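Note that the structure is predicted; figures quoted are calculated from it, not measured. Reckoned from all heavy atoms, side chains included, excluding hydrogens, waters and symmetry mates. Just follow the structure's listing: the first ligand is 1, and inside any ligand the first atom is 1.
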Amino acid sequence: MAKIVLDGVDKVYSGNVKAVDDLNLEINDGEFMVLVGPSGCGKSTALRMIAGLEEITDGDLHIGDQVVNDLPPKDRDIAMVFQNYALYPHMTVEQNLAFGLKLRKIPKAEIKARVDQAAAMLGLEAYLKRKPAALSGGQRQRVAMGRAIVREPQAFLMDEPLSNLDAKLRVQMRASLNQLHERLGVTTVYVTHDQVEAMTLGDRVAVLREGRLQQVDTPKILFDQP
Ligand code: ADP
Ligand code: ADP
């Protein structure tokens, strides 16, 4: 687990598009922080900078007690979950969950223990031998989350992970995410344009508009505002 701090972070894309403008945000150790705002407000860019998938134009990004501006993604000890599940279609659920750990040469018994634990947490035990094509959308998204969980990272980054699911599944998955966060307590940054998701998931919610942070508060305070 780790604290994540954005200190005066800017992102300017080529063509002089200022996607993120002087973003100052402290995400506490173990906190579930939601970045919310309309399309184009810079939420994905902010998340991708934390992941190391996008360079920071100006400012500093801290993860734990390290400044990580120039640290490649693989050295950031962070796991990301995207809206398109990015599962390997030719592998079973079990193999999908284990793959990243195998690459990192983690011992077999340890891999099995982590995979079984994640599968139990996500209700995937009965599906371990299936391939992604034989799963529902919600199940696939659970596998994608399982792949992040088994890495036991310092932080989870999620970019609209529920936006491809139908309304009923989204409600279920919100509950699953709340439970998971309660159990694991891992620092999480979650991007969505959906205000209901923001309010039900976030310990705090950061509202972005045109690249700038407008407000950051608990859902209760945001909701009670006139
Ligand atoms: P959001 O996730 O809130 O929809 P983004 O972070 O994707 O917003 O985009 C913020 C702004 O940056 C938008 O104006 C978008 O068009 C622009 N943008 C995003 N990615 C790129 C890119 N690779 N090159 C140039 N402009 C980009
Ligand atoms: P479907 O789209 O077919 O309804 P879901 O993806 O919603 O499938 O659920 C797949 C299975 O996962 C179900 O059998 C359900 O019992 C189980 N499940 C649903 N929600 C959870 C949860 N929060 N935690 C663990 N297992 C769950």
Side-chain angles (χ1 to χ4, degrees), residues 4-27 31-63 67-74 76 78-86 137 140-141 144-145 147-148 153 155-167 169-170 173-174 177 181 186-219 221-223 225:
I4 298 172
V5 178
L6 294 105
D7 183 7
V9 168
D10 289 342
K11 177 67 189 185
V12 181
Y13 285 113
S14 60
N16 235 2
V17 182
K18 198 159 204 180
V20 171
D21 188 356
D22 193 25
L23 180 57
N24 293 289
L25 188 62
E26 285 198 28
I27 301 154
E31 185 169 40
F32 199 120
M33 175 69 79
V34 177
L35 307 184
V36 72
S39 176
C41 72
K43 357 180 244 305
S44 290
T45 300
L47 196 75
R48 291 168 59 78
M49 287 192 286
I50 298 172
L53 300 174
E54 205 71 75
E55 252 180 71
I56 293 174
T57 308
D58 204 1
D60 280 321
L61 172 68
H62 307 249
I63 299 177
V67 174
V68 300
N69 294 18
D70 301 317
L71 203 65
K74 67 175 173 50
R76 292 190 184 200
I78 267 175
M80 188 136 171
V81 182
F82 300 93
Q83 68 176 262
N84 48 356
Y85 325 108
R140 279 180 216 161
Q141 192 50 274
M145 284 176 188
R147 284 212 314 211
F156 292 128
L157 306 180
M158 304 193 191
D159 194 350
E160 306 256 7
L162 309 188
S163 63
N164 284 339
L165 304 179
D166 65 38
L169 269 178
R170 277 207 299 276
M173 288 296 295
R174 286 208 300 265
L177 276 167
H181 185 68
V186 176
T187 311
T188 302
V189 189
Y190 185 102
V191 160
T192 182
H193 65 274
D194 181 334
Q195 300 199 9
V196 177
E197 252 173 51
M199 295 303 211
T200 49
L201 287 172
D203 291 322
R204 284 190 301 156
V205 177
V207 184
L208 296 178
R209 198 175 179 90
E210 293 176 2
R212 301 187 69 95
L213 181 64
Q214 286 211 307
Q215 192 175 7
V216 51
D217 256 314
T218 62
I221 291 173
L222 284 169
F223 190 76
Q225 271 169 5

Asker: I'd like to check which ligand 1 atoms, numbered from 1 as shown, lie under 4.0 Å from a non-hydrogen atom of Gly40.
Answerer: 1 (P), 3 (O), 4 (O), 8 (O), 10 (C), 11 (C), 13 (C)
Asker: Does Pro38 come within less than 4.0 Å of ligand 1, judged by its heavy atoms?
Answerer: yes
Asker: My understanding is that only one of Ile56, Asp22, Asp21 makes a side-chain contact (heavy atoms from CB on, under 4.5 Å) with Val9; could you say which?
Answerer: Ile56
Asker: Looking only at distance, does Lys43 have an N or O less than 3.5 Å from an N or O of ligand 1?
Answerer: yes
Asker: Which ligand 1 atoms, with their elements, are less than 4.0 angstrom from a heavy-atom of Thr45?
Answerer: 5 (P), 6 (O), 9 (O)
Asker: Provide, to 0.1 Å, the distance between atom 8 (O) of ligand 1 and the closest protein heavy atom, together with that atom's residue and name.
Answerer: Gly42 N, 3.2 Å
Asker: Near Phe223 CZ, under 6.0 Å, is it more than 12 heavy atoms from other residues, nucleotides or ligands?
Answerer: no
Asker: Using a 4.0 Å cut-off to any heavy atom of Ala19, which atoms of ligand 1 qualify?
Answerer: 10 (C), 11 (C), 12 (O)
Asker: Checking a contact table here: which protein heavy atom is nearest atom 7 (O) of ligand 1, and how many Å away?
Answerer: Ser44 CB, 3.9 Å
Asker: Is a donor on one side and an acceptor on the other found under 3.5 Å between the side chain of Glu197 and the backbone of Arg174?
Answerer: no
Asker: Using a strict cut-off of 4.0 Å, indicate which atoms of ligand 1 neighbour a heavy atom of Cys41.
Answerer: 1 (P), 3 (O), 8 (O)
Asker: Say you draw a straight line from CG of Leu165 to CZ of Arg140; how long is it, rounded to the nearest 0.5 Å?
Answerer: 10.5 Å
Asker: For atom 19 (C) of ligand 1, what's the nearest protein heavy-atom neighbour? Residue, atom name and distance, please.
Answerer: Tyr13 CE1, 3.4 Å
Asker: For atom 16 (O) of ligand 1, is the nearest protein heavy atom closer than 4.0 Å?
Answerer: no
Asker: Given Arg204, which partner from the list Asp217, Thr218, Val34 fulfils the side-chain contact (heavy atoms from CB on, under 4.5 Å) test?
Answerer: Thr218
Asker: Do other residues, nucleotides or ligands put more than 12 heavy atoms under 6.0 Å from Gln225 CD?
Answerer: yes
Asker: Provide the closest heavy-atom pair for Val81 versus Gln141 in the form atom of the first, atom of the second, distance.
Answerer: CG1-OE1, 3.5 Å
Asker: Mark whether atom 13 (C) of ligand 1 lies under 4.0 angstrom from at least one protein heavy atom.
Answerer: yes
Asker: Of Leu6, Val5, Ile50, which is the lone residue that meets side-chain contact (heavy atoms from CB on, under 4.5 Å) with Leu25?
Answerer: Leu6
